[in-house]
Amino acid sequence: MTLYDSAKKTKREFIPQVEGKVSLYVCGPTVYDDAHLGHAKSALVFDLLSRVLSANGYEVTYARNITDIDDKIINKAVEQNKTIKEITDFYTDAYHKEMALLGVKRPDIEPKATESLDAMYALIQKLLDNKHAYKTDDGDVYFDTSSDSDYLTLSKRVQDESEKLQRVESSSHKKNPADFALWKSVKDDSITFDSPFGKGRPGWHLECSAMIEKHLSKPEAKFAVDIHGGGADLLFPHHENEAAQTRCGTNHALAAYWMHNGFVNIDGQKMSKSLGNSFFLKDALKIYDGEVLRFYLLSTHYRSNFNFNEEDLATAKKRLDKIYRLKKRLFDMTHEDEKTDFQEELLAALNDDLNISASLALIDEMITRANETLDTPGKHKELKRETLSNLAYIKKLLGFGVKNPYEHFQFGVDEEIKEEIKALIQKRDEAKKVKDFAASDALRDEILAYGVNLMDTPHGSFWEKI
RNA sequence: GGUGCCAUCGCCAAGUGGUAAGGCCGCAGCCUGCAAAGCUGCUAUCCCCAGUUCAAAUCUGGGUGGCACCUCCA
């Protein structure tokens, strides 16, 4: 397969360090608030990547961290008079529940910063020993960017002189304005951690490097992980700094391939905390089925910026509906998984840097071909078998079509309403039996008023939520 | 200001040298008591200009217009 490597800014053949095995590390959430659509996008993109890697026969070790040490967490804990664990457990739990609704599989490893402090201390010490880090008078430990000749090679940034000057004034303890904190000393009574460097908190960038060393890397490997992923905004400074720490504090570079997913905008506007237009996942999930959101957020290439709006979401649902309608036509049939050309083509499309558009086009064409044949008289045993295999493959590889089709089409409808619709359909069936079409059509209008579609089939009348 | 990305049908969106995938919407038809669903058919020469080439949406140069990062952020 080929992947776009954002460090080399080109698409290239993916070759893991150890044949048949892939290590994947993705920057996960800082659990101080509810997850928004951007978190969902990132989790979905790398969920898809891990599925595609597995489908190619790789044994994947997927790690996504939980950042549970952070100033924002600490501030919130102080504000609400809670422990940081109370705060982080709450949002971690919410994150897991919401991701599950999106069909995002749990990574193999989910390291937490609080459980990786030893690895962080070890890395800081190594960097101090190597003279890649230094202590300041007030007890902070900084990474010395001037000691790393490869610094900024990942993000391809050029240090700006005027920028340098501005920042020198604001942080006089640093040798170089680009230097970043590995350990921040804290003198007051707020929440701190005891380290060999005194009381304080680890720097933001440190945990990823430390966790990767602890959980994924082999000392003799050239790269700590095969693939490192995260949101596009993390390229600088977060990933640049991570890469520097690992390069200077260990015997290897951080990642062989870097992957960054594009941003989610809302109605053309950047979504951000400061603009106050964050679309929280929990709110979206109240209105939309998690699988519809999954389909929608994955329907555009992972590197593009994504413009979230309800109109496109509705279009995405219609496209997902097509999978479910075909599923419905084959409902209750069993099958043995078998390989088909379609499956091969689908995987080939995804192997091209996760070309989701080509994949969805293949799926739509497969659906149309199947419907076309099913519309003609005959039993079509072979086609049905193949189609069921194809649908199962789509479910496994992309996570689309995971539910019972009747559930899918009745998302968000109360049991009470369902009963009312059922009663109206029964009345209408009776009217139809005696060919009282005026009454039948009037009843249909009543049913449609519930915001559903009604469809008459040889097996009875069915409804779908629009 | 620095760095980088993008510009394809009404909308969403693939395609990186050989003559424009797919979805939504729309129109016509088949099917249907009528619908819905499904199926069939129809709908773009790729922001502008110049260049390279037998051949360019796809390469080069110049415009124009969007956007992102450079500060915590997926």
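Chain letters run A, B, ... following the sequence lines, proteins first, then strands; residues in each count from 1. Computed from a predicted structure; not experimentally measured.
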Task: H228(A) ring center near Y257(A) ring center (under 6.0 Å) - done: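 Not under 6.0 Å, so no.
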
Task: Y324(A) ring center within less than 6.0 Å of H408(A) ring center - done: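 They qualify: ring centres under 6.0 Å apart.
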
Measure from the side chain of [X], starting at C-beta and using heavy atoms only, and say which of [options] lies closest.
| X | options | result |
| --- | --- | --- |
| N371(A) | C69(B), G33(B), G38(B) | G38(B) |
| K9(A) | C34(B), A37(B), G4(B) | G4(B) |
| R325(A) | G22(B), G33(B), G38(B) | G38(B) |
| D375(A) | G22(B), G38(B), C24(B) | G38(B) |
| T315(A) | G23(B), A37(B), G33(B) | G23(B) |

Using atom [atom1] in both nucleotides, what's the gap between [N] and [M] to the nearest angstrom?
| N | M | atom1 | value |
| --- | --- | --- | --- |
| G17(B) | U52(B) | C1' | 12 Å |
| C24(B) | A37(B) | P | 10 Å |
| C9(B) | C25(B) | C1' | 12 Å |

Open item on the list: Counting only heavy atoms from other residues, nucleotides and ligands, does the tally under 6.0 Å from NZ of K184(A) exceed 12?
Closed with: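 At most 12 heavy atoms, drawn from other residues, nucleotides or ligands, come within 6.0 Å of this atom.
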
- [ ] Please confirm whether the backbone N or O of N176(A) pairs with a side-chain atom of D179(A), one donor and one acceptor, at under 3.5 Å?
- [x]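 Confirmed, D179(A) side chain pairs with N176(A) backbone.
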
Task: For A7(B), the Watson-Crick or wobble counterpart (both distances under 3.5 Å) - done: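 Matched A7(B) with U64(B) under the 3.5 Å cut-off.
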
Heavy atoms only, 4.0 Å cut-off, all strands: where does [X] land among base, sugar-phosphate and nothing?
| X | answer |
| --- | --- |
| G38(A) | base |
| K322(A) | sugar-phosphate |
| L454(A) | base |
| V264(A) | base |

Task: Salt-bridge criterion met for E365(A) and R369(A) (N-O under 4.0 Å) - done: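 Salt bridge absent between E365(A) and R369(A).
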
- [ ] Look at T457(A) and A37(B) and indicate whether a side-chain polar atom (N or O) is within less than 4.0 Å of OP1 or OP2.
- [x]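 Indeed not, no polar side-chain atom of T457(A) lies that close.
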
TODO: Tell me, with the steps shown, if Y288(A) and Y296(A) meet ring-ring contact (aromatic ring centres under 6.0 Å, His included).
DONE: CA-CA 11 Å; Y288(A) 309 110; Y296(A) 178 43; 8.6 Å; no

Open item on the list: Rounding to an integer number of Å, can you tell me how far W258(A) CH2 sits from A74(B) P?
Closed with: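 To the nearest whole Å, that distance equals 16 Å.
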
Open item on the list: From NZ of K327(A) over to P of A37(B), roughly how many Å is that when rounded to an integer?
Closed with: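 K327(A) atom NZ is separated from A37(B) atom P by 21 Å.
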
Task: Face-on cation placement of K156(A) at F236(A) ring, 6.0 Å and 45° thresholds - done: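 Judged by the rule, K156(A) and F236(A) form no cation-pi pair.
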
TODO: Summarise protein proximity over nucleotides 6-19 of chain B in one line of letters, 5' to 3': B for base, S for sugar-phosphate only, - for none, counting protein heavy atoms closer than 4.0 Å.
DONE: -----SSSSS----

